[in-house]
Amino acid sequence: MDWPKDITRFYPVASWLVERLEAAEIDSRATIAAVNDVCSRNHIKVLRAFQDIGVNEYHFQDSTGYGYGDLGRSTLERLFAGIFGGSAALVRPQIVSGTHALALAISALLRPGDILLSVCGRPYDTLATVIGLGPRVAGSLKEWGIEYAEVPLDAGGRPDLAKISEAVTRWHPRVCLIQRSRGYTLRPSLGIEEIARIIDTIKGAYRESVCLVDNCYGELVEDREPGEVGADLVVGSLIKNPGGGLAPGGGYIVGREELLEEVAARLTAPGLGGELGAFTEKRLYYQGLYLAPLVVREALTGAVVAAAFFRELGFKVDPLPGERRRDIVQCIILEKKEALLAFCRGLQRGCPVEADTVPEPAPLPGYEDQVIMAGGSFIQGSSIEISADGPLRPPYAVFFQGGLAYPYTRVALLMAAQEMLDTGLIQEKRR
């Protein structure tokens, strides 16, 4: 991974930071090789799905109005179902985010008096708001008489299988929520093998519970998906991994056909279901999915190097540089508010869009604390493009993710470190 010899001519970064990043890349070679191996297998998986379904140019045509008979839409949904391990799928631009996809699935399946059980502790902030945890918001599940319970994580931050079994046996929840990524917590993200054990535990205690997996940030990181290990429904956002940096918006829900029918009725209206929904720019969704294994590889490479680089600079990181990756998110624990702000300011200057913008913390809908977000993306809010964000609360961790191409990511990492150097938050240490 050679730099241009005069990189410091283009970006005002200290030469010793460049040297440390180069060292981090060298130290990360074995982990990056493992990432490449998984992503190579996912390339074949995706390519075979396109070929087996018979994708053609006419699938890319726009539909209008009601969207009746949109063959491109139904074919794209068959692709997602096959790749992500379901018998059916909804892939729609009308789903505005990952949180919306989750809220849609949960509200479609639950009725007043039913129980939603989170088996991985407290869900992330925006979903907690949907449930009705915290200040009242209109339309929350709590307002509709839907009950909620959660199983706390064990001392190591992992799902507690014994307590999950006890809770499911006791409450017979209609839906069990499994959150793959960490959200804004420091607990580890979940791998496919652990998700499989959780699903087996739930089904062993009460087979009728629907296992719903929030797959955001985890798609195509491993060589299997939650739907392939027993998840009944799997949901995510198309401006994260599976959109490949090209999908301009939307979300997906994959799973059992009879459950998708219920979700489709909530997405449109009872009796209309998934047969409606105009869909434009479909080529971007197809092409984004096709490129997604490559983009995920680039994002994972950036996460691995970021872990090695900032650990060398003296910060705690999670996952550690050599750990197996379960999602694209890299947590860097900065300990100081000023460090979190500086990291985001510097990373913003390394972005291709709005590089001259200075990110500031602000209250966001659905979050308890002010949040700072950095990321100059071509698609607003896209998390698969390079970005970093974090809530303004101890231990002032930044959650770094994305990067469509690693050579761009390395510049952004350098700029983040340089801003912290300029503000006296890091200093040179001899190796």
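Note that the structure is a prediction, hence the values are computed from the model and not measured. Note that these values count all heavy atoms, side chains included, but never hydrogens, waters or copies made by symmetry.
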- prompt: For Gln401 and Asp389, does a side-chain donor sit closer than 3.5 Å to a side-chain acceptor?
  reply: yes

field: CG on Leu294 to CG on Asn42, rounded to 0.5 Å
entry: 12.0 Å

message: Could you walk me through whether Ile131 and Lys142 satisfy the side chain to side chain contact (heavy atoms under 4.5 Å, CB included) test, starting with their C-alpha distance in whole Å, then the side-chain angles of each, then the deciding distance to 0.1 Å, before giving a yes or no?
response: CA-CA 6 Å; Ile131 293 167; Lys142 182 178 180 181; 6.0 Å; no

task: Under the side chain to side chain donor-acceptor pair (under 3.5 Å) rule, collect the residues that match up with Gln61, sequence neighbours excluded.
output: none

query: How far apart are the closest heavy atoms of Cys120 and Arg187, and which atoms are they?
result: CB-NH2, 3.9 Å

query: Looking only at heavy atoms, what is the nearest atom pair of Tyr286 and Gly72, with distance?
result: OH-O, 2.6 Å

Salt bridge (charged side-chain N to carboxylate O under 4.0 Å, His left out) involving Arg349 - partner list, sequence neighbours excluded: Glu419

- prompt: Within the distance-only criterion (no hydrogens, no angle test), does the side chain of Thr301 pair as donor or acceptor with the backbone N or O of Arg297 below 3.5 angstrom?
  reply: yes

query: Is the number of heavy atoms from other residues, nucleotides or ligands within 6.0 Å of CD (Glu194) greater than 12?
result: yes

- prompt: Which atom names give the shortest non-hydrogen contact between Cys211 and Ile178, and what distance separates them?
  reply: CB-CD1, 4.5 Å

- request: Mark yes or no for whether His59, through its side chain, and Val55, through its backbone, hold a donor-acceptor pair below 3.5 Å.
  value: no

- request: Consider only side-chain N and O atoms of Asp369 and Tyr184, and report whether a donor and an acceptor are under 3.5 Å apart.
  value: no

message: Looking at Glu150 and Arg122, is any side-chain nitrogen of the basic one under 4.0 Å from a carboxylate oxygen of the acidic one?
response: yes

Taking only distance into account, with no hydrogens and no angle test, what donor-acceptor pairs under 3.5 Å do side-chain atoms of residues 243-254 form with protein atoms, sequence neighbours excluded?
from, atom 1, to, atom 2, distance (Å)
Tyr252, OH, Asn215, ND2, 3.3
Tyr252, OH, Glu219, OE2, 2.6

Arg182 backbone acceptor or donor facing Thr185 side chain under 3.5 Å: yes

message: Would you say Arg325 and Gln330 are linked by a side-chain donor-acceptor pair, where the criterion is simply a distance under 3.5 Å?
response: yes

query: Residues in ring-ring contact (aromatic ring centres under 6.0 Å, His included) with Tyr408, at least two apart?
result: none

query: Salt bridge check: are Arg174 and Glu147 linked by an N-O gap of less than 4.0 Å?
result: no

- prompt: Does Lys240 make a cation-pi contact with Tyr217, if we ask for NZ or CZ under 6.0 Å from the ring centre and within 45° of the axis?
  reply: yes

task: Could you verify whether a donor N or O on one side chain and an acceptor N or O on the other, from Ser382 and Ser377, lie under 3.5 Å apart?
output: no

query: Which atoms form the tightest heavy-atom contact between Ser63 and Asp70, and what is the distance?
result: OG-OD2, 2.5 Å

field: SB check Arg48 Asp52 (cutoff 4.0 Å)
entry: yes

Centroid separation Phe400 to Phe310 less than 6.0 Å: no

query: Do the side chain of Gln179 and the main chain of Ser181 share a donor and acceptor less than 3.5 angstrom apart?
result: yes

Donor-acceptor pairs under 3.5 Å, side chain of residues 202-210 to any protein atom, not counting sequence neighbours: which ones?
from, atom 1, to, atom 2, distance (Å)
Lys203, NZ, Arg207, O, 3.3
Lys203, NZ, Ser209, O, 2.7
Lys203, NZ, Asp232, OD2, 2.8
Ser209, OG, Pro173, O, 2.5

Nearest non-hydrogen partners of Leu186 and Cys331, listed with the distance: CD2-SG, 3.7 Å

Cys39 versus Leu300, closest heavy-atom pair with distance: SG-CD1, 4.4 Å

- request: Among residues two or more places apart or on two chains, list those pairs meeting ring pair (Phe, Tyr, Trp, His ring centres under 6.0 Å) that have a residue in residues 368-394.
  value: none

task: Tell me yes or no: between the side chains of Arg345 and Gln348, is some donor less than 3.5 Å from an acceptor?
output: no

Salt bridge flag under 4.0 Å for residues Asp125 and Arg393: yes

message: Does this structure show an ion pair linking Glu222 with Arg180, if we count only N-O contacts that are shorter than 4.0 Å?
response: yes

- prompt: Would you call Arg283 and Glu57 a salt bridge, taking side-chain N to carboxylate O under 4.0 Å as the test?
  reply: no

